[in-house]
2 protein chains.
Amino acid sequence: MKEKAIGFFDSGVGGLTVVREVIKQLPHEKIIYIGDSARAPYGPRPVDQVQAFSWQLTEFLLKFDVKMIVIACNTATAVSLSSIKEKLNIPVVGVITPGSRAAIKASSENKIAVLGTLGTIHSGEYEKALKARNPFVDVLPLACPKFVPIVESNEVNTPNSKKIVRESLKPLQWKQYDALILGCTHYPLLRNQIQQTVGHSVTLIDSGAETVSDVSMLLDYFELANSPSIEPKHEFYTTGSVAMFEQIANAWLGEEKRNIQHVNIGELKDEEK
Amino acid sequence: MKEKAIGFFDSGVGGLTVVREVIKQLPHEKIIYIGDSARAPYGPRPVDQVQAFSWQLTEFLLKFDVKMIVIACNTATAVSLSSIKEKLNIPVVGVITPGSRAAIKASSENKIAVLGTLGTIHSGEYEKALKARNPFVDVLPLACPKFVPIVESNEVNTPNSKKIVRESLKPLQWKQYDALILGCTHYPLLRNQIQQTVGHSVTLIDSGAETVSDVSMLLDYFELANSPSIEPKHEFYTTGSVAMFEQIANAWLGEEKRNIQHVNIGELKDEEK
């Protein structure tokens, strides 16, 4: 059991921001990652479709006999975590609770902005998680549907992406908050542009990075951590373009030869495309 | 289930350093605490006796239908955590893993000193936990059998206690280390004196305080956290003197009226006294 991989899934490449932290904090853990770029973004999709896709990705990972699953996608966590966690007999971790816990800690004014996809923001899961910890917290949710497409097409740091970030965040312009949750694992790839726009007095919370502390603790709790003698060979799968995945992985995780393969997951019906 | 208490046990008053952090970080959680001051210190006792005592304290807490048990004692964690965790169907948390994780993070030189009771140091559990995370770490274990009696008799900050701390730490005098684990929940009560003796370049790790992050995360993971509307009334039990427990609790947690009761746990045979 001990030397098995941890499975990660995301709607696309966003979960690589979680993977980066795992490589840093848990270097002996083997990663099997599946990104569903062919069907990204998940944000605007109906709830039952995101749930169905989440199960397909979970089943893909279970074939590798993983010891833990990390839902490295806020949209999928919002609508699928509880049912997947309930049905599997391995630990399943989402990104919303860790992000909320960190934001409550970071905000001294109890005013927290949350950026997310349409799906995540409509689910209200961040608001629920934040208020469960502190009923007096002010939550400012903001859907940013244009962010995931920028990241998936590897267009961060272009003049166009800077403009989109500035415009998307305008609704927060006159609002008061001292912490902001990057409530989508794609958003840390736009971190600099978001920080510049909201100003340096706001603490940005990377929900994915925070999740790795939970992963580490649960590996300890369930006695599943790999021995430090392990030098893991990670495996990456994408339903989209391997070349695009590789470019983004190189930019985000550092240039190196990676094992990245294309897979087909599920069959897209016409209306899902 | 949700509004049940968390049970804590310790050989005496040391676990109050964990309780302090719980009150701070998890103010809505109800605490039921049992300190076995009549039989403290546990450090010099044989392993099977500490295991038997740990089970007696666990059974005492289970009568209150607690939702989680925190072994707020390093000696008991070292020899009893795995068997108690295995047998109960509620989460059981010890203090050694969280302390080790924090120390690995804090030490940039990978040289870590560990202070503990005779029992904790002889168990080798800290060394095992540290090396499981990083096989290249240098561990400097040091048993400090005189510390618990100072704390249990409420003699911290006396000239005598300062002298004992200085003398006990002499074996570390010429050693190199940049992090030091307070590997006994009693030791944070001597924190200032220990810090003065080892110098301010060494990061002290409070194993008990670190444990509260694990408690918080596991409450989330198992969906056991209290609602924030709860204003808990804690209950404290001691096998020793209520007056002495109250003095130490007032000094450590702040002056207030507390529900502290004397209980008898087990029967001391002559050779255990």
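Per chain, numbering begins at 1; letters A, B, ... match sequence-line order. All heavy atoms count here, side chains included; hydrogens, waters and symmetry mates do not.
For L218(A), the part sitting under 4.5 Å from any heavy atom of chain B is the side chain, from C-beta outward, and nothing else. Using a 4.5 Å cut-off between heavy atoms, K85(A) contacts chain B through its side chain alone, with no backbone atom that close.
A side-chain donor-acceptor contact under 3.5 Å links Y33(A) to the backbone of G15(A).
Partner K30(B) forms a salt bridge (Lys or Arg N to Asp or Glu O under 4.0 Å) with one of E231(B), E235(B), E3(B) and no other, that one being E235(B).
Of the listed residues I104(B), L26(B), V92(B), the one with more heavy-atom pairs under 4.5 angstrom with chain A than any other is V92(B).
Side-chain atoms of D36(A) and S11(A) include no donor-acceptor pair closer than 3.5 Å. Of the N and O atoms on the side chains of N74(B) and S207(B), at least one donor lies less than 3.5 Å from an acceptor on the other residue.
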